[in-house]
Amino acid sequence: MTKTFYLPLFLSICFTLTLSAGTIMTVRGPIDSEELGKTLEHEHILVDFIGAEETGYHRWDRDEVVKQVLPHLKEAKALGYQSLVECTPAFLGRDPQLLKSLSEETNLHIVTNTGYYGARQNKYIPKEVQNLSVNELAARWIREFNEGIEDTRVKPGFIKISVDRDPKLSPMHENLLRAACRTHLETGLTIACHTGPSQVIFQMAEILHEEGVAPGALIWVHATTDTPENQIKAAQLGLWISIDNVTDKPERIDFVVTGLKALKKANLLEHVLISHDAGWYRPGEPQGGNFRPYTAISKSLVPKLLATGFTQSDIDQLLVQNPQSAFELGVKKADVHLGMGLRVGEVTQHSAIIWTRVTKNTERNLNGYRDLTKREPRVDEYSPLTIKIKDREGSMPGASGQVRLRYQSNGHSGLTDWINTKAENDYVHQFQLNGLKPRSEYSVTVETRPDKYSNVTDTVSGSFATPAYKSEWQDVTFSVITCQSYWDLDNQAGFYIYPSMEKMNLDFMVAAGDMVYLDSESPRARTIDLARYHWHRMYSLSRHVDLHKNLPTYWEVDDHDSWANDGWPTMEAKWMNPLTFEEGFDVYREQVPIGDQLYRTIRWGKGLQIWLVEGRMYRSPNTMPDGPEKLIWGHEQREWLMRTILESDAEFKVLISPTPIVGPDRSQGKNDNHSNEVFAHAGNYFRNWTKEQNLKNFYVCNGDRHWQYMSVDPATGLREFSVGPPSDIHAGGNPPQDHRIQPFMRVGGGFLTVSVTRESGAPTIAFRHHDVDGKVVHEYKAVAP
């Protein structure tokens, strides 16, 4: 299941600070961001490098610190600075009471932080803290924001973390960043991360995205030492670039000017912060050591910038406007998207379901890991996969956000409320539309945004038409597909049959089961997350997204797309554990717009009625001895099916079954459908019933088989049309052809279409088998008497 997190209960009942937009939290309380004024965004007053286990307030005399630091702060104030962001974190010398006293003495706004400093191999994080989970870390920092630091009532104005300068984040440092992201989403505090050169900054940007946090919530601290190229790349992503090692040495000034000129040329100054990283009263050293003043920017850097083409407006951008924007309290969520489009399902004369899913990206992972083989051995013991789902080909991570639906027809329109998408539903929402007009065309648009404070960040549009009443004639053409093997795709954009069907002006489609293969295609879906991944990688393919936006579909479930091959509810399949039969079904219903009723019938005008049946949830075990009580549909569904068929006055009646009813099937290896000997009683019962009732113009279309055929049951005359797989690669497994039973059989990929029209005034039905390019390879026509 996609990652989510739940904070401890006390956070839901503790005091939460309510602040207006444009607020910055200082050690003396909140201020409007405009009051921040000219700001030094990364400075220090006191830093204690002795280590987390030894540091503490006993290490310094506050009066002595004030005596040494106060003149430097007053000097900064005289240079026009109104605010200073103090970046010393906990266990490294953070002293909120000291900062508050200095702020009151100088009338400078001082901002302190929450968070932990992981650089230097976690020397400045206590051992007991290093064992905390991401959520436990976040809970501590959120508590400081809500209640104040220790007993001072001083609240942090940003989050300060630090990581080592390694090529990849360590597990501990990844935890720090994820905890900072989750704290940001709860508090709106900006994250400042001491990183140095860019070995990990772009990995950090990816983690922000995974956590649903916008790049503008992160300040890349000490970006000064990296190349202008990397600074530009990071700024283009939306990160804040902190040029914070400014000294009055000429070579340093020239270096900083060169970098700022490159950022200005790229029109990225609005992402840049500048400061000294100065101060540094050091406990244990005489008079706090060599305290560096906060003067180089005003006395050395700004004059050089103004002399080399920068304007006073640029300087104000760097020292006034940008710090205000960077440190304003406000949750910055990552843009959210609708990368899987929309799907329309269960269309009736008056209703429809619109399915959509909020995603982090606009497109699937195109370059992720792909397993080496299609199938993997059945192993009873479950071992978690080492390759994360997000790193796999076709992955499409979801995102929390909001969606709403606009729909319109002639004289009929509507707009739904905004709906929150949640991790527990895989960020899926299914809009139930009611009160629609029959035989009407509808346009639909889904909109998404990160939250109620944000603008719309993505839209997707589609269309569908509702059927006519049963009293009105309507020409109808629909398609039936089955057996979508991801490993047997014939094009990286999706199956060829999808654009072939898109050209046909179809009224609807039936997906007759096995739309994904949870159990028999790597990676085997042994968890809910992996089951969802199978659906994501199949239905994020661009051809599939494009077709479904404008072609309503009725969905049927079969064994592979719900759980395991030939499965039934009480079956044991240890090679699928811990995923259960029930969980597989739940994922299926989550991932397709099928509605509550798994078996149902839909009328399309006077000429056509279709029946969709469910063959897994109610079936008897395949291993049960055959007899009257061994059923695939269960008693209730079978009685409903026969009753509603007899009640119908449609010119043509078509039953669409996920599995064969006539066959014949292979003699070896199949034991789970009405054409198999193990269900001979149920198969004979239904086929004979169709003859006994003298059903006219009643036909069966079936999925599940990997070859196309038209069969005629020699005992009852029941005619069945097998759809076949969507690609030639997946075709095969057919039994020897008996022309008396199967006048047509083809081992190849494609799809089936069914058309109900009037030809010379006579109601006519045509069943056409198509190859993958849409060419008709077989046709059967019948005219209603």
Side-chain angles (χ1 to χ4, degrees), residues 470 478 480 482 510 512-513 554 556 598-604 606-615 618-620 626-665 670 672-705 709-723 738 740-745 752 754 756 763-767 780-785:
K470 67 177 184 178
F478 68 93
V480 189
T482 190
V510 176
Y554 302 99
E556 291 184 303
L598 294 176
Y599 57 87
R600 62 268 195 220
T601 182
I602 302 97
R603 188 68 178 260
W604 277 77
K606 185 177 178 61
L608 174 67
Q609 187 164 346
I610 65 170
W611 283 261
L612 306 164
V613 290
E614 199 293 302
Y618 309 109
R619 74 162 50 214
S620 306
D626 197 21
E629 296 303 314
K630 186 176 183 181
L631 302 173
I632 289 177
W633 295 327
H635 285 290
E636 182 178 320
Q637 180 179 193
R638 188 171 70 177
E639 292 303 314
W640 162 86
L641 176 63
M642 295 188 299
R643 173 178 52 80
T644 54
I645 290 172
L646 293 178
E647 291 172 349
S648 173
D649 63 354
E651 296 285 2
F652 298 102
K653 307 171 183 68
V654 180
L655 168 62
I656 305 167
S657 169
T659 54
I661 293 175
V662 175
D665 201 358
K670 294 307 295 181
D672 79 329
N673 65 61
H674 286 95
S675 69
N676 295 151
E677 289 186 3
V678 295
F679 281 98
H681 191 281
N684 288 328
Y685 183 95
F686 183 74
R687 290 189 297 268
N688 290 335
W689 176 82
T690 65
K691 182 178 181 180
E692 292 165 2
Q693 299 300 322
N694 194 28
L695 294 183
K696 303 297 183 183
N697 301 318
F698 176 76
Y699 303 92
V700 176
C701 302
N702 72 280
D704 194 43
R705 304 297 78 207
Y709 64 75
M710 179 183 72
S711 293
V712 183
D713 180 33
T716 66
L718 182 61
R719 196 175 295 263
E720 178 175 77
F721 299 86
S722 177
V723 176
D738 184 337
R740 295 169 301 175
I741 301 174
Q742 288 191 339
F744 167 75
M745 185 178 74
L752 179 75
V754 183
V756 173
T764 303
I765 191 166
F767 295 86
Y780 170 83
K781 275 190 176 184
V783 178

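- Heavy atoms only, all atoms of each residue included: Val654 and Cys701 are closest at CG1-SG, 3.8 Å.
- Considering CG of Asn676 and NZ of Lys670, their distance stands at 7.5 Å, rounded to 0.5 Å.
- Nearest heavy atom pair, residue Leu608 against residue Arg603, reads O-CD, 3.2 Å.
- Panel note: side chain Ser620, backbone Leu631; a donor-acceptor pair is recorded below 3.5 Å.
- A donor-acceptor contact shorter than 3.5 Å is absent between the side chain of Ser675 and the backbone of Pro664.
- In this structure, Asn673 and Asp665 have side chains that are in contact, with non-hydrogen atoms separated by less than 4.5 Å.
- Between Arg643 and Glu647 there is a salt bridge, with a side-chain nitrogen of the basic residue lying less than 4.0 Å from a carboxylate oxygen of the acidic one.
- The two residues Val678 and Asp672 have their closest heavy-atom pair at CG2-N, 4.2 Å.
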side-chain contact (heavy atoms from CB on, under 4.5 Å) between Val700 and Phe721, intermediate numbers included: CA-CA 6 Å; Val700 176; Phe721 299 86; over 6 Å; no
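- Test Arg638, Glu636, Glu556 against Tyr599 for side chain to side chain donor-acceptor pair (under 3.5 Å) and you get one pass: Glu636.
- Between atom CZ of residue Phe478 and atom CH2 of residue Trp604 there is a gap of 10.5 Å, rounded to the nearest 0.5 Å.
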Stepwise side-chain contact (heavy atoms from CB on, under 4.5 Å) test for Phe686 and Leu655: CA-CA 12 Å; Phe686 183 74; Leu655 168 62; 3.9 Å; yes
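- Between Val480 and Ala512, the closest heavy-atom pair is CG1-CB, 3.9 Å.
- Relative to the six-membered ring of Phe767, Arg719 misses at least one condition, a distance below 6.0 Å or an angle of at most 45° to the axis.
- Closest approach of Lys696 and Lys653 over heavy atoms only: O-NZ, 4.1 Å.
- Aromatic ring centres of His674 and Trp633: separated by under 6.0 Å.
- The closest donor-acceptor contact from the side chain of Glu651 to the backbone of Lys606 lies at 3.5 Å or more, if one exists at all.
- A heavy-atom distance below 4.5 Å is not found between the side chains of Asn702 and Pro658.
- Side-chain atoms of Arg687 come within 3.5 Å of backbone atoms of Ile661 as a donor-acceptor pair (strictly under, hydrogens ignored).
- By the 4.5 Å heavy-atom criterion applied to side chains, Tyr699 and Tyr780 are counted as neighbours.
- In terms of heavy atoms, Val783 sits closest to Phe652 at C-CZ, 4.5 Å.
- Counting only distance, with no hydrogens or angles, the side chain of Glu720 and the backbone of Val712 share no donor-acceptor pair below 3.5 Å.
- No more than 12 heavy atoms of other residues, nucleotides or ligands lie within 6.0 Å of NZ in Lys470, so this atom counts as exposed by the packing criterion.
- Using a 4.5 Å heavy-atom cutoff, the side chains of Lys630 and Arg619 are not in contact.
- Two residues are said to be in side-chain contact when any heavy atoms from C-beta on lie closer than 4.5 Å; Trp640 and His635 fail this criterion.
- When atom types are taken as modelled, the side chain of Gln742 and the backbone of Met710 share no donor-acceptor pair closer than 3.5 angstrom.
- Here the straight-line distance linking atom CZ of Arg705 with atom CE of Met745 works out to 13.0 Å at 0.5 Å rounding.
- Residues Ile656 and Tyr554 fail the side-chain proximity criterion, which asks for heavy atoms closer than 4.5 Å.
- In this structure, the separation between CD on Glu614 and CD1 on Ile632 is 11.0 Å, given to the nearest 0.5 Å.
- Between the side chain of Asp626 and the backbone N or O of Ala680, at least one donor-acceptor pair lies under 3.5 Å.
- Under a 3.5 Å cut-off, the side chain of Thr601 and the backbone N or O of Ile610 do form a donor-acceptor pair.
- Ser648 places no side-chain N or O within donor-acceptor distance of the main-chain N or O of Ile645, the cut-off being under 3.5 Å.
- For the pair Val754/Ile765, a side-chain contact is recorded, criterion being any heavy-atom separation below 4.5 Å from C-beta on.
- Taking the side chain as every heavy atom from C-beta outward, Trp689 and Asn684 never approach each other to under 4.5 Å.
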Verdict with reasoning, Ile602 to Leu612, per side-chain contact (heavy atoms from CB on, under 4.5 Å): CA-CA 8 Å; Ile602 302 97; Leu612 306 164; 3.7 Å; yes
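- Between Glu629 and His681, the side chains place no donor N or O within less than 3.5 Å of an acceptor N or O (distance only, hydrogens not considered).
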